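Worksheet for the structure shown next.
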Amino acid sequence: MKRFSAIIMRDLRLAFRAGGGTWPSLVFFALIILDFALAIGPDIRLLSRIGAPLLWGSALFGVLVSIDRIFQADLEDGSLEILIATSEFLALTVLAKAIAHWLSVGLPLTLAAGALGLLVGLEGAAFGPLVVSLAIGTPALSLVAVLGAAVTASLKRAGVLASLLVAPFYTPVVIFGAQIANSGPGSGDTSLPALLILAAFTLFMLIIVPIAAAFALRFGQN
Amino acid sequence: MFDLANPEKFFALSRRLIPVMAALAVILFAAGLWYGLVASPADYQQGDSVRIMYVHVPAAWMALFCYTMMAVSSAAGFIWKHPLADISAKAAAPVGLVFTGLALGTGMIWGKPIWNTWWAWDARLTSVLVLFFLYAGYLALWEAIEDKARAAKLCAIMCIIGFINVPIIKFSVDWWYSLHQPASVFRAGGPSIDPSMLTPLFLMALAYQFLFFALLLIAIRNEWMRRRIARLERLEMRVMSELVAP
């Protein structure tokens, strides 16, 4: 347990400091929103209508650009080898990495989406569903990102490849996440089923990703 | 199946099987296409464009079948370390990619006269597109890793995890409200398609199946040869370097 929290604390410290993973993801997220707003035009009513799905899609990009940081630095300074060699249950170590990734990327993106919602003129009632859907969906995004990073950990410059591998798995998360985010009190439909399915997907990933990623890390070693 | 772990036995068997499978595929294609394009009736609503079904639907079935086979092969390679398992998973991937692309392409051609649109973001179309990307990612990962033994294991993980997408495709029709017609062949209470259309459909499905197995066996043999050549080249390099600098 001490080891578990030590890995999380170490990753968080690395992520928040200069050169860490949090800021690039957040800035990229904001830039994508800016680009979309520029491309769509300054029609705030249109932006407000498509704001929630727009934020969802852009948050996804924020996660994708963070993938190659998950194991890359650890691989380069040799700490990955030590982590693998000394782990009694490698899956737990992977889980710690995933939790750290969510705390340092998923959670900041969720909070930033609330702030960026102001820029696209999101209605007051839409903020709640947006933040809740991201809070439930981003853990799944982080977990799948860790899997992609683990599979490509032995490769040099695998950033694009990892995104390519991971993005298809994001479909259910985006579908149900955006559905929840779109179902503000005004739209009349209930988002509870979508919420439950999204939560189920996140929990499912919570079980299988650490195990699969642990296998991938061991196989990638030699 | 475990007997075939011996590559010599597999080679001897596949050498005899490939021509048989290929011949069956040709005969079934001829029969299925004749039946589908000439002998079967046009649909009372869709007219002659319903005949695209005989190319489209089996391709979509094969897209799913092929990925299922890859996942089973990957699991077999994982559990029993069967030497041909990971090769067969890899060999099936490009074939599956083409079947998936064919299903998407013919679906678009069919969609234009019937739905009056090339593409609809409906559940099943979207999930087949995702399947296409799964195939592409799998192949890209395989190409990116030099050491093929390592590539086999890592690709197997991705394939098995991706396999959870296949049931999502199959049942997406029921999960989401969709433009696509509900399942009409494999359903409780028997098929709802008329037998005059079902016959060419199944002929074509069998033709695709035999074509797939013929291509798969050829691809497995090629991959095996490719690895053997790579091994021999490495050996040659070593011998040469020893000759130059004893």
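Numbered from 1 within each chain, the chains take letters A, B, ... in sequence-line order. Every value quoted in this text rests on a predicted model; they were computed, and no experiment measured them.
Annotation: F89(A), atom CZ; neighbour count of heavy atoms from other residues, nucleotides and ligands within 6.0 Å does not exceed 12. At most 12 non-hydrogen atoms from other residues, nucleotides or ligands lie less than 6.0 angstrom from CZ of F36(A). Other residues, nucleotides and ligands place more than 12 heavy atoms under 6.0 Å from the CZ atom of F127(A). For CZ of F61(A), the number of neighbouring non-hydrogen atoms (other residues, nucleotides, ligands) closer than 6.0 Å is 12 at most.
Closest approach of L154(B) to S154(A), counting heavy atoms only: CD1-OG, 4.2 Å. Closest non-hydrogen pair, A140(B) versus L161(A), comes out as CB-CD1, 3.6 Å.
Side-chain contact between V130(B) and F169(A) is absent, with no heavy-atom pair separated by less than 4.5 Å.
Proximity to chain B involves both the backbone and the side chain of L165(A), based on heavy atoms less than 4.5 angstrom apart. Contact annotation for I157(B): only side-chain heavy atoms (C-beta onward) come within less than 4.5 Å of a heavy atom of chain A.
The distance from the CG atom of L141(B) to the OG1 atom of T152(A) is 8.0 Å, given to the nearest 0.5 Å. Interatomic distance, F215(A) CZ to I161(B) CD1, rounded to the nearest 0.5 Å: 10.5 Å.
Ranked by heavy-atom pairs under 4.5 Å with chain B, the first of V151(A), I208(A), V209(A), L164(A) is V151(A).
For residues 129-140 of chain B, no residue pair satisfies the side chain to side chain donor-acceptor pair (under 3.5 Å) rule, not counting sequence neighbours. Residues in residues 209-226 of chain B take part in these salt bridge (charged side-chain N to carboxylate O under 4.0 Å, His left out) pairs, two or more places apart or across chains: K90(B)-E223(B), E223(B)-R226(B), E223(B)-R227(B).
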